[in-house]
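Reviewing the structure listed below.
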Amino acid sequence: MRYNFAMSTPAIITRFAPSPTGALHVGGARTALFNWLYARHHDGKFLLRIEDTDRKRSSEAALKAIMDGLSWLGLDWEGGAVSQYSRASAHAEAAQKLLAEGKAYPCYCSPEELAEMRDTAKKEGRSMRYDGRWRGRDPSKAPKNVSPAIRLKAPRDGETHIKDLVQGEVTVANKQLDDMVLLRADGTPTYMLAVVVDDHEMGVTHVIRGDDHLTNAFRQTQLYVALGWETPEFAHIPLIHGADGAKLSKRHGALGVDAYREMGFLPEALRNYLLRLGWGHGDDEIISTEQAVQWFDLDGAGKSPSRFDMDKLTNLNGHYLRASANEDLCALVLPKLSETPLSNAVRERLLKGMPTLKNRAKTLVELTENAAFYVRERPLPLNDRAKKILDADALDRLRAIHHPLAGLDAWSVEAIEDAIRRFADAQEIKLGAIAQPLRAALTGAGVSPGVFEVMEALGRGESLARIEDAFNMKNQ
Ligand code: GLU
């Protein structure tokens, strides 16, 4: 049975085919993104297939992590997630068809015989190739009570070509490839068979994946030919390396997408960053998803491995934070700042403070930390720096400035700044000698956005109350 979504035959169908054995790593997320963009660009469909045939290594938790990661990144797929395991009978059927047509054969090799072939190959310094001993053998010679594996009768002469949309034309001599197993002796399909049958039946037209699968593409091509099916287009994208050029590992930031979410990255920033890892459009660095959909094609994919650079990702995230609407950022930050709903007045305060807060943060985690003082209840806890700033002289100045501030006609950045500057002039002190105590009293810290903006956002009542709290404090 071909899937319904293939019936209407839209021009392009791509898929992401993760094995649910762990988190959705950046490499997988980039593969998914490229497939999603390619489908979107061509008005096609992006499908999700879960390669869960390895029952021991597959888990529900990993499946959930992958789906959550894709959803968070906004990479939505058409229809449900297709379980490869549930399609075992379709895989077996394809192998039986090849068997019936004489394009596959039963192989009764014992594990010992295969181990011997492996040993010989090792001694000769080459990779293991099955020697084809059951290829032409009379099945009546088969040992009793042994279930055979089913192998493809692969071409022995000639070459297999792939016109890869990223790697270009790649060729392998058929004698380099052995007769691969399609069905194991226990009747379970191999990855090679399952992928081909599923891609065909799901109507996949373009297989975009990491170039670690390039050698598999040769065998898969042989299988397509044997089955008489049209081979999809292949595009094998170079893997992601760490900043030091070595294959990406945890040490380099090869973490699950969920870890980046925890670290305070926005999905649009990660999406933009992953797109630029191995794909380019001139010198453009900031590429919105709409632009990416418009521009994405495989011509822009590079042939050499890209390097994962945490600093670049962080800077890009800063850009997306600055570009985000203040309301959206408040909605992301508020649940982290308080478990219980906050009053409208407090929410309003945070919203007013957001324009300056977002200019100073590179991640949501940083933004949340910096924003905390807006929603904290009085009296504010003071950090060590703030305590140090609020010495006896500083408290005297706070007492002295309370009155002019309370009497201001308008509570605006300009009016507040004007009053504070006039105060500093009159007292013959530097602006910092009053601005720093104000900052410490208003935010509980020695570093914050500009103190005039902070006061405007906090509002007159809250600002004055925080100043009073400070000078009424004992034991300073
Ligand atoms: N399940 C394979 C993997 O996780 C992908 C196979 C494919 O894309 O053809 O790497």
Side-chain angles (χ1 to χ4, degrees), residues 3 12-39 44-67 69-70 75 77-78 81-88 90-91 94 160 162 164-167 170 180 182 188-224 227 229-240 247-249 254-257 274 278 298 301 305:
Y3 276 77
I12 302 286
I13 298 183
T14 64
R15 50 57 162 189
F16 178 48
S19 308
T21 54
L24 174 64
H25 290 278
V26 281
R30 185 191 58 163
T31 299
L33 174 67
F34 281 21
N35 277 287
W36 183 87
L37 282 173
Y38 196 75
K45 293 187 174 184
F46 169 66
L47 310 179
L48 177 63
R49 181 175 69 239
I50 306 300
E51 306 218 310
D52 51 357
T53 51
D54 186 341
R55 304 310 282 169
K56 279 202 204 86
R57 295 183 61 229
S58 299
S59 76
E60 277 298 317
L63 175 61
K64 186 173 178 314
I66 291 168
M67 298 229 236
L70 291 174
L75 306 179
W77 58 93
E78 196 94 18
V82 176
S83 153
Q84 186 157 67
Y85 177 68
S86 73
R87 300 189 20 81
H91 307 144
T160 298
I162 297 168
D164 192 276
L165 295 174
V166 174
Q167 308 286 335
V170 263
M180 69 181 129
L182 303 175
T188 57
T190 56
Y191 154 73
M192 225 52 93
L193 176 68
V195 162
V196 167
V197 173
D198 290 351
D199 279 342
H200 173 71
E201 296 198 358
M202 290 165 79
V204 171
T205 58
H206 289 70
V207 171
I208 306 169
R209 60 188 175 189
D211 68 5
D212 49 338
H213 284 289
L214 182 61
T215 50
N216 291 337
F218 292 119
R219 293 181 182 279
Q220 288 163 12
T221 299
Q222 290 186 337
L223 201 40
Y224 276 104
L227 285 161
W229 294 340
E230 196 181 332
T231 312
E233 299 283 353
F234 288 111
H236 288 94
I237 45 181
L239 298 184
I240 303 171
K247 200 169 171 284
L248 197 62
S249 69
L255 305 167
V257 159
L274 291 176
L298 293 164

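In listed order, ligands and their atoms are each counted from 1. Numbers here are sequence positions counted from 1. FYI, side chains are in, hydrogens and waters are out, and symmetry mates aren't considered; it's all heavy atoms of this structure. Computed from a prediction, not measured in an experiment: that's the story for all the values here.
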Notebook entry, point to check: So do the side chains of Glu78 and Ile13 get within less than 4.5 Å of each other, counting heavy atoms only?
Noted result: no
Next item on the list: List in chain and number order the residues that pass side-chain hydrogen bond (donor to acceptor under 3.5 Å, both in side chains) with His236, two or more places apart in sequence or in another chain; answer none if no residue qualifies.
Entry: Asp164, Arg209
Item checked: Geometric N/O contact Pro18 with ligand 1, under 3.5 angstrom -> no
Item checked: atom 4 (O) of ligand 1: nearest protein contact (heavy atom, Å) -> Ser19 OG, 3.3 Å
Checklist line | Which residue and heavy atom of the protein sit nearest atom 8 (O) of ligand 1, plus the separation | finding: Arg15 NH1, 2.7 Å
Checklist line | Atom indices of ligand 1 within 4.0 angstrom of Glu51 heavy atoms, with elements | finding: 1 (N), 2 (C), 5 (C), 6 (C)
Item checked: Those atoms of ligand 1 less than 4.0 Å from some heavy atom in Tyr191 -> 6 (C), 7 (C), 9 (O)
Notebook entry, point to check: Should the ring pair Tyr224 and Trp229 be called parallel, tilted or perpendicular, given that the plane angle runs from 0 to 90° and is split at 30 and 60?
Noted result: perpendicular
Notebook entry, point to check: Nearest protein heavy-atom contact for atom 5 (C) of ligand 1: which residue, which atom, what distance?
Noted result: Ala17 O, 3.3 Å
Notebook entry, point to check: How far is atom 9 (O) of ligand 1 from its nearest protein heavy atom, and which residue and atom is that?
Noted result: Arg209 NH1, 2.6 Å
Checklist line | Closest approach of Trp36 to Thr14 (non-hydrogen atoms, all atoms of both residues) | finding: N-OG1, 4.5 Å
Notebook entry, point to check: Which residue owns the protein heavy atom closest to atom 10 (O) of ligand 1, what's the atom, and how far is it?
Noted result: His213 NE2, 3.0 Å
Next item on the list: Starting from the C-alpha separation in whole Å, work towards a yes-or-no answer on side chain to side chain contact (heavy atoms under 4.5 Å, CB included) for Gln167 and Asp211.
Entry: CA-CA 9 Å; Gln167 308 286 335; Asp211 68 5; 3.8 Å; yes
Note to self: Does Val207 form a side chain to side chain contact (heavy atoms under 4.5 Å, CB included) with Gln220? I'd like the steps, not just the answer.
What the structure shows: CA-CA 11 Å; Val207 171; Gln220 288 163 12; 5.8 Å; no
